[in-house]
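Working notes, beginning with the structure itself.
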2 protein chains.
Amino acid sequence: MARWQPDARGRLEAAAFELFRERGFEQTTVADIAARAGLDKRTFYRLFGDKREALFSGNGHLEELLVRSVTETDAGPFEAVVAAFRLVAEEIFADRLELVRARQTIIESSPELQERELRKTGSLVAAVTAALRARGLDETTATLATESGATVFRVAYARWVAPDSDAPLSDLIAEVAAELRAITSAPTETP
Amino acid sequence: MARWQPDARGRLEAAAFELFRERGFEQTTVADIAARAGLDKRTFYRLFGDKREALFSGNGHLEELLVRSVTETDAGPFEAVVAAFRLVAEEIFADRLELVRARQTIIESSPELQERELRKTGSLVAAVTAALRARGLDETTATLATESGATVFRVAYARWVAPDSDAPLSDLIAEVAAELRAITSAPTETP
DNA sequence: TACGGTTATGTCGCAAGGTGACATCGGCAC
DNA sequence: GTGCCGATGTCACCTTGCGACATAACCGTA
């Protein structure tokens, strides 16, 4: 997979991450990234569709894990999705807090990157929904379960990434899921 | 608000909408849009931050309506959000099905526009969340209620826009909200 | 009505994103 | 070695988006 020098793709990702941290996303040129990786701009565009994509390569792995988890359980749809996110939290995020925070800082600094992240999570959600449907659930139920699960994850994730947090992500997910149940369960009428 | 010719902004929006329908988003150049509106490319960029923005101008109005609705009720957070979306459905969407469908077709044809839409709804959500917090709710509850409400809206909206739908959007929202309650209310264990 | 000031618009130039076409070079099979 | 193939580089190009400056239309006012 690597001929001239090993792992061109990996080098580009690393270079991009460094430069985005050093100068910010918008102040970094694709040519800069390529140069730091010892490659040409054109090569970057052959490996990544986009300048932004260099930051979003782990998503394939994530999706695979989520889909597998949701597929291999018999739990109710919402529970299955929450469990899948907790698995991901432990397998992928747990021991990478600092890295995740740095990445998050970069993303928050650029509207373009926020948009891209939204789309990425959107396609994760779509994949998980498809997996639920493959278990025989109807479209609406599957979508609702996945989206709610994703919302729970996002809220928990935001708490986890916050500078003063210390609870494990997986625990936070469980807590937030419980809160969501409380809010939606009974129509509260306050006169 | 209009000096040389009336409503430059409106003319640009209309031109963009037309051209996006005729040739597609990517095949349309900002210069094309400006030309059809009888203006210059540079003028377009003074009125819109982006080529994409030409499609997302109604959002201000929407946000205002949502925030007002959520602010002026005493209902529980989730109920308040759902009610706000139903109001928007009636006030803004109800009699514009064809327009909305055309717009949706355009958006679905371009990843860039999908990202933008995601961000737009994201900022709507943020505004509504802020409104709920102003009512004294804590961050997590407010976020969860808003995000869940938005999910309900999205699912209902998707059904409504689908080519074979006929039920009013507002009714669909109510139905989907009920389904969400069913899914999250009781932890289903299927051994 | 002539004036100056304000404001929208036009013109010009340019950096950067993104892409197609073609050249080149390293490795591999034979 | 020869020759092929795939990864990379080079070049040219279009579009987005923006800064700087020029221009023209409208406004109030004397």
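Throughout, a chain's letter reflects where its sequence line sits, starting with A, and its residues are numbered from 1. Every value quoted in this text rests on a predicted model; they were computed, and no experiment measured them.
Atom CG in A:Asp7 sits roughly 14 Å away from atom P in D:dA7 (whole-Å rounding). Between the CZ atom of B:Phe44 and the P atom of D:dC18 there is a distance of 11 Å, rounded to whole Å.
Applying the salt bridge (charged side-chain N to carboxylate O under 4.0 Å, His left out) criterion to B:Glu26, with sequence neighbours excluded, gives no partner residue. The ring pair (Phe, Tyr, Trp, His ring centres under 6.0 Å) check on B:Phe25 picks up B:Phe20, with sequence neighbours excluded. Residues satisfying the side-chain hydrogen bond (donor to acceptor under 3.5 Å, both in side chains) criterion with A:Glu147, sequence neighbours excluded, are absent altogether.
Hydrophobic clustering, defined by side-chain heavy atoms of Ile, Leu, Val, Met, Phe, Trp and Tyr closer than 4.5 Å, leaves B:Val125 isolated from every other such residue.
Among pairs with a residue in residues 55-87 of chain B, those fulfilling ring-ring contact (aromatic ring centres under 6.0 Å, His included) read B:Phe85-B:Phe153, at least two apart in sequence or across chains.
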Can you build the contact string for nucleotides 12-22 of chain C? Use B for base contact, S for sugar-phosphate-only contact, and - for no protein heavy atom under 4.0 Å. ----SSBBBB-
